[in-house]
Amino acid sequence: MSSDTDVLILGSGIAGLSAAIRAADTGLRVRIITKADTFDDSNTAWAQGGIVGPARNDDATTLSKDILGAGGALCYGKAVNQLAVEGPPLVDQFLVGECGVEFAHAPDGSPDLAQEGAHSRRRIYHWKDKSGWAIHKGLFETAQAMDQIEMSTGHMAIDIITVCHHSTDTKDRYRKDRAIGAYVLDIATGEVNPVLAPVTVLATGGVGQVFRHTSNPDVATGDGIAMAYRAGLSIINAEFVQFHPTSLFHRDFPNFLISEAVRGEGAILINRSGESFMKRYHPELQDLAPRDEVSRAIYQETESRGESHVYLDATKLHDVDPSDRFPWIFETCMEAGIDMRKDPIPVVPAAHYFCGGVKADLQGRTDLPGLYAVGETACTGVHGANRLASVSLLEGLYTGVECGSRLSKAIVPIKERYRTSIPDWVSPEEEADPAHIHNDLSNVQGLMWNYVGISRTERRLQRALSDLDYLNHRIDRFYREARPSRSLIEMRNAVVTASLIAQAAQTNRVSMGCHYLSG
Ligand code: SIN
């Protein structure tokens, strides 16, 4: 039987696009789908900081040490070393050389390398504060020009199709399981169809939207995590959610990040009374203390003062014109009525990066044949208990390239009989009530923020688990009784992902990295 495509890729960030380009290079037919209206609605395109690339005074041993320094004993040393050796050269060879990605240059023409917290070397390739956008543009334009790649927006996978789970031929339940595609919703028409493929790649990004405050775009609802979990895969290290200290606190710009680089250029955090409070929390490093310590300090400051946010005072940057160095941040603040040259910026910590994920190796292989996971959706052991800034885009690039290059050897043709034994999707007639969806998602986000957020306690986690248990049942029933829509599926995935994070947080009784227990 001919499959609908050789490779079905769910998601269009750095990992999904890199995998698609490399798979198409080997002659495979690739279909990329994204649930968003545009391909640039991803954590990749939103990334401000940059990506670790090759630097003259750097080497793989030093980079490995820095990654291990952030992630601690939970890192998988073998994966860290492999990424540190083979990852950075890809920035030059693949992103710049093959995909034409533009990074900022110093006056002598060499890459302008930025410094970031906990990196012992200047090694970050960037494009001002729109580094992710520059990377996305190069990858997207390359993928779009390839005949082998078909790309669709407005399409969302609901579940991975596996032989044991979905085939109506009862003998299939005794075979070794394998993924053979996904049920895909056409969001505009509401139709759901099976898309059959010998290889399916989960590249669906992060989970930030399960928390009330996040720097992630709306798409980051943990879809790949929930689908993989329902397909029987292990989700590991789920308690490790990295919180970024500074996202803009403004109702019209709820997910906008104010890059750490702004503090790197001299901005300081102040409370409502104008006090530079980081001196009290980390006298040595103050505003440039590690990301999780700054997030906890802001959390404590706002809790103890009964306030909703603090401020970032960027009015006295060292020799930097913010409109030139941080054009995106500058313009967004202006749109929000804040002139960062004169006014302090209201900020709040926000869920930023998921260090856990679907257990996978650096080629994206999971425990289910036919199913791969790359980028933020996957957990390869590189980040351990805490991620070093700008290593995640490198990991997304490397796992995407590794995965895509090797897929042609992994293709097992789909058996003819699955075309009839995989059932069509049957949808209930009734539309989901948007008020339910809004309310339930907002409940999940609120309880995750308050009970499973920056500072966790046994009691808070217990409360979160019992509330999530109740919501899981309600939402599952609601999902089964209504016609699928993007928001309904997202809510179903968000509550599953939230529960996995809360369960992992309750199981791990030791504070480490970005999992912090205060009681
Ligand atoms: C930032 O620009 O502050 C975020 C960088 C990162 O998370 O890698």
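Just so you know, these numbers come straight off a predicted model, no measurement behind them. Every number for a ligand or one of its atoms is a count from 1 in the order of the listing.
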What verdict does the side-chain contact (heavy atoms from CB on, under 4.5 Å) test give for Phe211 and Asn216, after you've listed the backbone C-alpha separation in whole Å, the side-chain angles of each residue and the deciding distance to 0.1 Å? CA-CA 10 Å; Phe211 292 89; Asn216 295 181; over 6 Å; no

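Among protein residues, Gly49, His244, Leu257, Ser259, Glu260, Arg291, His352, Arg387, Ala389, Ser390 come within 4.0 Å of ligand 1, judged on heavy atoms.
Heavy atoms of other residues, nucleotides or ligands lying less than 6.0 angstrom from CZ of Arg509 number more than 12. More than 12 heavy atoms of other shown residues, nucleotides or ligands fall within 6.0 angstrom of atom NZ in Lys130.
With sequence neighbours left out, the ring pair (Phe, Tyr, Trp, His ring centres under 6.0 Å) criterion links His250 to Phe253. Under the salt bridge (Lys or Arg N to Asp or Glu O under 4.0 Å) criterion, Asp223 pairs with Lys35, not counting sequence neighbours. Every residue two or more places apart in sequence or in another chain was checked for a side-chain hydrogen bond (donor to acceptor under 3.5 Å, both in side chains) with Thr61, and none qualifies.
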